[in-house]
K.L.:
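Take this structure, written in structure tokens, and hold onto it; I'll ask about it next.
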Amino acid sequence: MATAAIVAKKKARERTAEAAANAVPVVQDKKSKDVSKVIKKVKARKSVFGMFTRKKSNKELVEGAKKKTMPLRVILHVLRQRRKDQLYTQLFFYFVFMCMYTFVIYHSHKPFHAFTQNFAITDVIVNEPFNERDDTEALTSTHDPRCFSTIGETDEVFVWLNNVVTDKLFPDGCENGGIAVQGQNYFVQQLQIRQGRTKQIEKDIRGTKFAAYPGFSSTNKDKDSNQTIYGEYKTGLSPIEGFPFGSGNTVDYGSEQYVTIMDPKIGTGNITAKFKFMEENGWLDEATRVVVLDANFYNPTTDMVTAARFSIEILPQGYISSYYYSYTWPRSPHDLTDMVVLARAILEIYVFLFIMWLFFIEIKELIAEGPGKYLTLFNTIEFIAIIAMVGVILAQLYFESIWNTCDVTSSEYENWYRLGQIGRLKRNLVGFSMVMGWLKTFKFLEMNSKIKIIWIAIHNARDDLSSTMMFFFILIIGYGTCGFIIFGNQVRDFSTFTSTVSWLL
């Protein structure tokens, strides 16, 4: 027992000497407080009432510490807690900003309304059978289940045009207007039909000459065909991409094609006669590589417009591929008569100012610290997020500047599809900014031990993760090449290398 007491006293003296060695050499102050009271003040700052008291700066804390006898570990604890409080305060304001940014984005794009309107329009035109049985004429009426998605012959293109397109977009009485495709989705303006053609070449095989029409390219596109049959040759149209067999396999048909306009004001009979003239005079022949129909719609209930495109691509091998796209957006993005739009407009101003403030703060820090010190993991994520948000603002301003020149009530076709493509790029940028914006919140949690340990684990495992990804990449390339070679001539999903890799993934 005596030995234990001696050892305890010795350790106590050692701890006292160690604390004295680590203490900051300062001049004693009569009003100085002991360590326990300082720690209590630190804890009080974390309470609700501590929010309303003035917080001293780090410099003031250090100056105050010089006048007191205080262990260095307590000073470091105070500074660390001060930094953590600052980050949590910034996190609160940034979280509020991200919630507002999400609200603005959602009500600007209205994904649910856009999807339902897109589907309502395209489903009727794409999946409508060429001919449905009429129960009132059961003995003579027939049912043809073929539709746009199953077109496999050039003759079926005109069957679709004469039966589905004419019936849905140019019904009886179409010259009087008010053509609703489905519900209140009104077909407005005109139907634009475009055709991309290639020039004929001859191939001599052992004295026998064959007429050949190669795949479309900028060097062999046809500009000199009879415009009475094929329509007026125009430039400056929205670009057309074809061959949707996976990314990287698209064909660029450019922005110059033969254009035929179908105006509902000429009536159903004249529309039918025009389609018949095109069919009888070989409007669709071996030189045709792509046929595109562009139509615009407006729904007064949702006050949203839709630009739809229906494409039929004819490859030199004779294979026909049909596909469609549609884009929907609000007719009046800033209709202040709607209270929701008014609230969104007010929040847009706050979001814009906050993004600009963040942008200038980051630029200032980048210039002050230099790229070498500034580009840490969290700073890089933050900078990319802010740049993406600035890009969203610029894209929205550009989109609205073009859309303001368009008119739903115009009697002539307007190229809304080009706006739809710009809107698609803007939505992709919005999605990217959302991901990076929410990742930025981890910067404010960098002093949280439970969150930080995850980043440390990822950082320490980066070499192993890279090796695993390399192994996985080589494995996919090997199996992808094997599947492409073996099954590519029989299975559509393996007909191109990129679609094979996509299917395997």
Side-chain angles (χ1 to χ4, degrees), residues 117-128 130 146-171 174 179-182 185-197 216 229-234 237-244 251 253-266 268 270-272 274-279 283-285 288-298 305-314 320-328 412-421:
Q117 186 160 320
N118 283 337
F119 185 82
I121 295 172
T122 56
D123 184 62
V124 169
I125 299 177
V126 170
N127 297 323
E128 182 73 10
F130 287 170
R146 293 176 299 174
C147 61
F148 172 82
S149 300
T150 62
I151 291 177
E153 299 179 3
T154 54
D155 293 342
E156 294 178 351
V157 175
F158 277 103
V159 177
W160 175 68
L161 292 174
N162 289 322
N163 293 345
V164 178
V165 175
T166 302
D167 182 56
K168 298 302 179 182
L169 302 184
F170 307 101
C174 63
I179 309 166
V181 174
Q182 177 77 346
N185 298 307
Y186 289 95
F187 171 54
V188 294
Q189 300 178 353
Q190 302 166 329
L191 176 67
Q192 178 181 257
I193 304 178
R194 297 163 59 178
Q195 180 183 168
R197 301 174 56 82
F216 191 93
I229 300 174
Y230 301 106
E232 182 182 359
Y233 189 82
K234 292 185 177 181
L237 305 171
S238 57
I240 297 178
E241 286 186 346
F243 198 38
V251 176
Y253 288 100
S255 56
E256 302 178 7
Q257 285 89 30
Y258 293 93
V259 176
T260 302
I261 297 295
M262 295 292 185
D263 193 343
K265 292 183 178 180
I266 65 176
T268 306
N270 290 325
I271 293 292
T272 303
K274 203 166 184 178
F275 279 139
K276 185 177 181 181
F277 171 82
M278 294 164 62
E279 183 177 8
W283 178 81
L284 199 64
D285 56 15
T288 304
R289 285 292 162 263
V290 66
V291 174
V292 172
L293 278 69
D294 289 327
N296 299 327
F297 301 87
Y298 171 62
V305 297
T306 299
R309 167 169 291 182
F310 306 91
S311 303
I312 301 171
E313 187 174 7
I314 307 173
I320 296 180
S321 175
S322 57
Y323 47 96
Y324 61 95
Y325 302 98
S326 60
Y327 304 106
T328 298
E412 296 185 357
Y413 173 80
E414 293 182 344
N415 189 6
W416 293 1
Y417 189 80
R418 177 173 61 114
L419 280 164
Q421 292 177 314

K.L.:
If you round to the nearest 0.5 Å, how far is CG of L284 from CZ of R197?
P.N.:
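Answer for the CZ-CG pair, R197 versus L284, is 9.0 Å.
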
K.L.:
Does the side chain to side chain contact (heavy atoms under 4.5 Å, CB included) test come out yes or no for F158 and M278, once each step is laid out?
P.N.:
CA-CA 9 Å; F158 277 103; M278 294 164 62; 4.1 Å; yes

K.L.:
Do you know which two heavy atoms are closest between Y233 and E256, and how far apart they sit?
P.N.:
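Closest heavy-atom pair between Y233 and E256: OH-OE1, 3.0 Å.
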
K.L.:
If we ignore hydrogens and angles and just use 3.5 Å, is the side chain of D294 paired with the main-chain N or O of N415 as donor and acceptor?
P.N.:
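Here the side-chain-to-backbone pair does not exist.
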
K.L.:
Under the side chain to side chain contact (heavy atoms under 4.5 Å, CB included) criterion, do I312 and W160 qualify, and how do the steps go?
P.N.:
CA-CA 11 Å; I312 301 171; W160 175 68; 4.2 Å; yes

K.L.:
Taking the side chain from Q195 and the backbone from T288, do they hold a donor-acceptor pair closer than 3.5 Å?
P.N.:
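It does not hold such a pair.
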
K.L.:
Walk me through whether M262 and V165 qualify under side chain to side chain contact (heavy atoms under 4.5 Å, CB included).
P.N.:
CA-CA 11 Å; M262 295 292 185; V165 175; over 6 Å; no

K.L.:
Show the nearest heavy-atom pair for residues P171 and T268, with the distance to one decimal.
P.N.:
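Reported closest heavy-atom pair: O-OG1, 2.6 Å.
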
K.L.:
Determine yes or no for a side-chain-to-main-chain donor-acceptor pair under 3.5 angstrom, with K274 supplying the side chain and I261 the backbone.
P.N.:
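Flag set: sc K274 to bb I261 pair under 3.5 Å.
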
K.L.:
On the 0 to 90° scale, with breaks at 30° and 60°, tag the Y253-F216 ring pair as parallel, tilted or perpendicular.
P.N.:
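Rings of Y253 and F216: tilted, 30 to 60°.
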
K.L.:
I want to check something: taking the side chain as every heavy atom from C-beta on, are P264 and I179 in contact at a cut-off of under 4.5 Å?
P.N.:
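Of all side-chain heavy-atom pairs linking I179 with P264, at least one is under 4.5 Å.
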
K.L.:
Supply the atom-to-atom distance I121 CD1 to Y324 OH, rounded to the nearest 0.5 angstrom.
P.N.:
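It is 12.0 Å, given to the nearest 0.5 Å.
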
K.L.:
Taking side chain as C-beta onward, heavy atoms only, is V157 less than 4.5 Å from L161?
P.N.:
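Yes, side chains in contact.
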
K.L.:
As an exercise, state the distance from OG of S149 to CG of N127, rounded to the nearest 0.5 Å.
P.N.:
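The OG atom of S149 sits 5.0 Å away from the CG atom of N127.
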
K.L.:
If you measure from OH on Y230 to CD on Q257, what distance do you get to the nearest 0.5 Å?
P.N.:
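That separation rounds to 15.5 Å.
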
K.L.:
Any chance you could measure N163, atom CG, to C147, atom SG, to the nearest 0.5 Å?
P.N.:
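These two atoms lie 12.5 Å from each other.
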
K.L.:
Given 3.5 Å as the limit, does a donor-acceptor pair link the side chain of T272 with the main chain of N162, or not?
P.N.:
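No, T272 side chain to N162 backbone: no donor-acceptor pair under 3.5 Å.
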
K.L.:
What closest approach, in Å, do Y325 and Y323 show between heavy atoms, and which atom pair accounts for it?
P.N.:
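Where Y325 meets Y323 most closely, the heavy atoms are CE1-CD1, 3.6 Å.
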
K.L.:
Does F277, at its CZ atom, have more than 12 non-hydrogen atoms belonging to other residues, nucleotides or ligands within less than 6.0 Å?
P.N.:
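More than 12 within 6.0 Å, yes.
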
K.L.:
Can you tell if the side chain of F130 reaches within under 4.5 Å of the side chain of I151, non-hydrogen atoms only?
P.N.:
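Heavy-atom side-chain distance check passes, below 4.5 Å.
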
K.L.:
Do Y327 and Q421 get their side chains close enough for a donor-acceptor pair, meaning under 3.5 Å?
P.N.:
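No pair is found: no donor N or O on one side chain lies under 3.5 Å from an acceptor on the other.
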
K.L.:
State whether Y417 and R309 meet the cation-pi test: NZ (Lys) or CZ (Arg) under 6.0 Å from the six-membered ring centroid, and within 45° of the perpendicular axis.
P.N.:
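Pair R309/Y417 counts as cation-pi.
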
K.L.:
Enter the distance from S322:OG to F310:CZ here, rounded to the nearest 0.5 Å.
P.N.:
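Result: 11.5 Å between the selected atoms.
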
K.L.:
Which heavy atom in Q189 sits nearest to a heavy atom in E414, and how many Å separate them?
P.N.:
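Between these two residues, the closest heavy atoms are OE1-N, 3.0 Å.
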
K.L.:
Assess whether side chain to side chain contact (heavy atoms under 4.5 Å, CB included) is satisfied between Q192 and L237, documenting all intermediate values.
P.N.:
CA-CA 11 Å; Q192 178 181 257; L237 305 171; 4.3 Å; yes

K.L.:
Can you name the nearest heavy-atom pair linking I320 to T154, along with the distance?
P.N.:
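Looking at all heavy atoms of both residues, the shortest contact is CD1-N, 3.6 Å.
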
K.L.:
How about F275 and T166: do any of their side-chain heavy atoms sit closer than 4.5 Å?
P.N.:
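They are in side-chain contact.
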
K.L.:
Are F170 and L191 packed together at the side-chain level, in the sense that at least one heavy-atom pair is separated by less than 4.5 angstrom?
P.N.:
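Result yes, sub-4.5 Å side-chain heavy-atom pair found.
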
K.L.:
So, T306 side chain and F297 main chain: donor-acceptor pair closer than 3.5 Å or not?
P.N.:
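Between the backbone of F297 and the side chain of T306 there is no qualifying donor-acceptor contact (under 3.5 Å).
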
